[in-house]
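Read the structure below first, then the notes.
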Number of protein chains: 2
Amino acid sequence: MRVLLTNDDGIFSKGIEALYEALNAVHEVFVVAPETEQSAVGHAITFLDPLRVKPVKRNGRFFGHACSGTPADCVKLAVRELVKPLPDVVVSGINLGANVGINVLYSGTVSAATEGALLGLPAVAVSIDSFQPTDFRAAADIVMQVVDAIGANGLPPGVSLNINVPNMHPEGIRGVRVTHQGELRLQESYDRRVDPRNREYYWLTSQLVGTEENLDADARALNEGFISITPIQHDLTAHGMLAELRAWGLEREYERR
Amino acid sequence: MRVLLTNDDGIFSKGIEALYEALNAVHEVFVVAPETEQSAVGHAITFLDPLRVKPVKRNGRFFGHACSGTPADCVKLAVRELVKPLPDVVVSGINLGANVGINVLYSGTVSAATEGALLGLPAVAVSIDSFQPTDFRAAADIVMQVVDAIGANGLPPGVSLNINVPNMHPEGIRGVRVTHQGELRLQESYDRRVDPRNREYYWLTSQLVGTEENLDADARALNEGFISITPIQHDLTAHGMLAELRAWGLEREYERR
């Protein structure tokens with residue numbers, strides 16, 4: 001298959017290299033990834049500034065294109081301009097740090113996959129539950145399986161898959177669960193500091209807040225040693241709220257005036 | 001009520017000024033908004049850089065705080081640090097340009113409201129269907145009504161309201177519809193150019209693609225001259241895909257090794 005590979009930690013990260021090695025052994029891989037780390041950019045796209053693209057080598061060979069934009073920009077630009085004919089699947093990762101619960105919303109990694117789905121391509125995001133991972137094999141292995149499964153089954157339009165992998169050797173992993181996005185939250189605060197010129201600034205700090213989660217929630221699967229696979233889409237409508245909101249009486253239609 | 005007011009076009013935009021004037025006549029308003037335009041930043045947040053805050057005056061009086069971050073950063077910082085006691089409601093807008101269909105995903109305006117909801121506060125985003133709006137009255141008026149309705153009814157945890165208003169005089173508006181996020185897409189392409197130093201760059205261009213929409217889809221309501229109100233939440237799970245994905249046979253649990 002023709003695989004478009006991107007990430008949000010940047011084209012020089014170890015995560016994308018590990019995934020490239022695994023995918024490139026079997027598939028045709030095109031790398032278009034951010035020049036610099038783009039963590040927590042969510043689904044940001046760039047249109048107030050132009051985008052620039054530079055070729056990047058690894059070990060003396062062409063590796064891919066570094067793009068000045070966000071992960072979503074990379075996918076858009078790759079699909080619209082750089083990769084022809086179109087790729088068969090978009091893969092984003094391996095991200096350092098889990099993208100479960102509320103983190104899904106902030107994640108550049110997941111947004112790259114969502115962007116692929118919006119452009120009509122099946123797409124996969126993959127993250128490992130550590131900022132200093134020791135072993136990418138389990139993550140690369142599940143991506144290979146999922147890409148094959150997508151080749152066999154397809155994905156409905158607009159749907160992508162968000163995979164999270166425990167940070168352990170493949171032998172330590174307990175299995176694979178299909179999950180929903182859970183309610184894991186970050187407890188955030190700001191560290192207020194003063195710079196050398198005596199001006200205030202704020203750093204965001206955050207820590208995970210454990211919540212009671214269902215067995216099929218993403219963070220719980222991960223914490224119990226399972227690989228988590230969550231199907232993701234882009235409809236943010238609170239469908240359960242539509243009827244209540246209609247009961248508020250704000251809806252109306254004026255007579256033609 | 002105590003209202004936290006933000007936007008994504010920046011603290012100096014006309015849209016936030018119009019909303020401030022309307023809200024401030026009745027409520028206590030706290031403005032924390034981006035220093036510069038932050039369109040299409042989605043749910044980006046800032047933690048690789050510190051945030052800075054500056055007081056901003058309008059007409060010689062204190063207007064609010066300009067923040068160096070994104071709309072979601074503004075809401076987080078306001079709620080965690082700047083506005084005490086907590087606001088009763090978060091209002092984001094008036095954005096120049098509709099946030100309907102797929103634009104909801106890219107929108108900094110909507111993400112500010114979503115961030116408010118994540119922090120446990122009822123929240124409202126409001127956008128007008130023009131980049132050069134001529135009349136903010138209808139938008140300000142519906143926000144006042146919705147804020148009152150939230151005061152009376154509350155909003156379930158995690159839910160915010162995304163309001164879009166046609167660009168017309170209040171008398172021209174046909175009514176108000178409760179809608180779901182529709183499938184409106186952008187047809188995007190890149191304009192490839194060469195800079196004065198003969199290096200390539202790409203500008204993103206986009207145009208709306210009309211789609212067949214249900215009567216209760218956001219873009220259709222707007223196009224037919226109605227104000228659209230969509231309840232929004234943050235669960236991106238493709239719930240309809242869970243069963244199919246389980247049937248792929250990827251799920252498994254290994255024996256304890």
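Side-chain contact between A:Leu236 and B:Leu105 is present, with at least one heavy-atom pair separated by less than 4.5 Å. Contact annotation: the side chain of A:Pro34 approaches that of A:Pro71 to within less than 4.5 Å [non-hydrogen atoms, C-beta and beyond]. Using a 4.5 Å cut-off on side-chain heavy atoms (C-beta onward), A:Leu155 and B:Met241 make contact. The shortest distance between side-chain heavy atoms of A:Lys54 and A:His65 does not fall below 4.5 Å. Here the side chains of A:Ser68 and A:Glu35 are in contact, with some heavy-atom distance below 4.5 Å. Two residues are said to be in side-chain contact when any heavy atoms from C-beta on lie closer than 4.5 Å; A:Val124 and A:Ile150 meet this criterion.
Annotation: ring pair (Phe, Tyr, Trp, His ring centres under 6.0 Å) contacts of A:Tyr106 (sequence neighbours excluded): B:His43.
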(request) Assess whether side-chain contact (heavy atoms from CB on, under 4.5 Å) is satisfied between B:Trp248 and B:Arg246, documenting all intermediate values. (result) CA-CA 5 Å; B:Trp248 285 14; B:Arg246 291 205 167 97; over 6 Å; no
(message) Working note: B:Gln145 + B:Val143, criterion side-chain contact (heavy atoms from CB on, under 4.5 Å); need CA distance, chi angles, decisive distance, verdict.
(response) CA-CA 5 Å; B:Gln145 290 179 52; B:Val143 169; over 6 Å; no
(message) Walk me through whether A:Asn162 and A:Thr230 qualify under side chain to side chain donor-acceptor pair (under 3.5 Å).
(response) CA-CA 5 Å; A:Asn162 179 31; A:Thr230 310; 4.8 Å; no
(request) Quick one: do B:Arg177 and B:Glu224 satisfy side-chain contact (heavy atoms from CB on, under 4.5 Å)? Show the steps, please. (result) CA-CA 10 Å; B:Arg177 279 195 202 145; B:Glu224 293 182 354; 2.9 Å; yes
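Between chain A and the options B:Val79, B:Ile45, B:Val178, B:Ile142, the largest number of non-hydrogen pairs under 4.5 Å is found for B:Val178. Heavy-atom pairs under 4.5 Å with chain B were tallied for A:Asp49, A:Thr205, A:Ile227, A:Thr179; the largest tally goes to A:Asp49. When each of B:Val146, B:Leu161, B:Leu51, B:Thr70 is checked for heavy-atom pairs under 4.5 Å with chain A, B:Leu51 comes out on top. Of the listed residues (B:Tyr190, B:Tyr201, B:Phe47), the one with the most heavy-atom contacts under 4.5 Å to chain A is B:Tyr190. Of the listed residues (B:Ala149, B:Ala152, B:Pro50), the greatest number of heavy-atom pairs within a distance under 4.5 Å of chain A belongs to B:Pro50. Most heavy-atom pairs under 4.5 Å with chain A: of the set B:Asn153, B:Ile229, B:Leu204, this distinction falls to B:Asn153. Of all the listed residues (B:Val104, B:Leu48, B:Asp73, B:Val159), the one sharing the greatest number of non-hydrogen pairs under 4.5 Å with chain A is B:Leu48.
Across every non-hydrogen atom of A:Ala44 and A:Ala72, the tightest pair is O-CB, 3.7 Å. Scanning both residues, B:Gln38 and B:Gly69, for their nearest heavy atoms gives CD-O, 3.6 Å. Among all heavy-atom pairs drawn from A:Ala138 and A:Pro170, the shortest one is N-CG, 4.0 Å.
Between the A:Asp9 side chain and the A:Leu96 main chain, a donor and an acceptor come within less than 3.5 Å of each other.
Both the backbone and the side chain of B:Glu253 come within less than 4.5 Å of a heavy atom in chain A. Neither the backbone nor the side chain of B:Asp191 comes within contact range of chain A; no heavy atom of the residue lies under 4.5 Å from a heavy atom of that chain. For a residue to count as touching a neighbouring chain, one of its non-hydrogen atoms must lie under 4.5 Å from one of that chain's; by this rule A:Glu244 touches chain B with the side chain only. Proximity to chain B (any heavy atom under 4.5 Å) is shown, for A:Glu188, by both the backbone and the side chain. With a 4.5 angstrom heavy-atom cutoff, A:Asp195 touches chain B only via side-chain atoms. Interface remark: B:Asp216 contributes side-chain atoms only to the contact with chain A (heavy atom separation under 4.5 Å). Interface residue A:Leu82: only side-chain heavy atoms are found under 4.5 Å from chain B. Only the backbone of B:Thr46 comes within contact range of chain A, with heavy atoms under 4.5 Å apart. Of the atoms belonging to A:Asp218, not a single heavy atom falls under 4.5 Å from chain B. Contacts between B:Glu37 and chain A at a heavy-atom distance below 4.5 Å involve backbone atoms as well as side-chain atoms. Contacts between B:Ile102 and chain A at a heavy-atom distance below 4.5 Å involve the side chain alone, from C-beta outward. Heavy atoms closer than 4.5 Å to chain B are found in both the backbone and the side chain of A:Leu242. Of the atoms belonging to A:Phe226, it is side-chain heavy atoms, and not backbone ones, that fall under 4.5 Å from chain B. Looking at B:Leu77, both its backbone and its side chain come within 4.5 Å of chain A, counting heavy atoms on both sides. Looking at A:Ser206, there are no atoms closer than 4.5 Å to chain B (heavy atoms on both sides), in backbone or side chain.
In the displayed structure, B:Arg192 atom CZ is contacted under 6.0 Å by at most 12 heavy atoms of other residues, nucleotides or ligands. The environment of B:His239 atom NE2 is dense: over 12 non-hydrogen atoms of other residues, nucleotides or ligands sit within 6.0 angstrom.
Listed by sequence position, A:Thr114, A:Glu115, A:Leu118 are the residues of residues 110-120 of chain A in contact with chain B, using a 4.5 angstrom heavy-atom cutoff.
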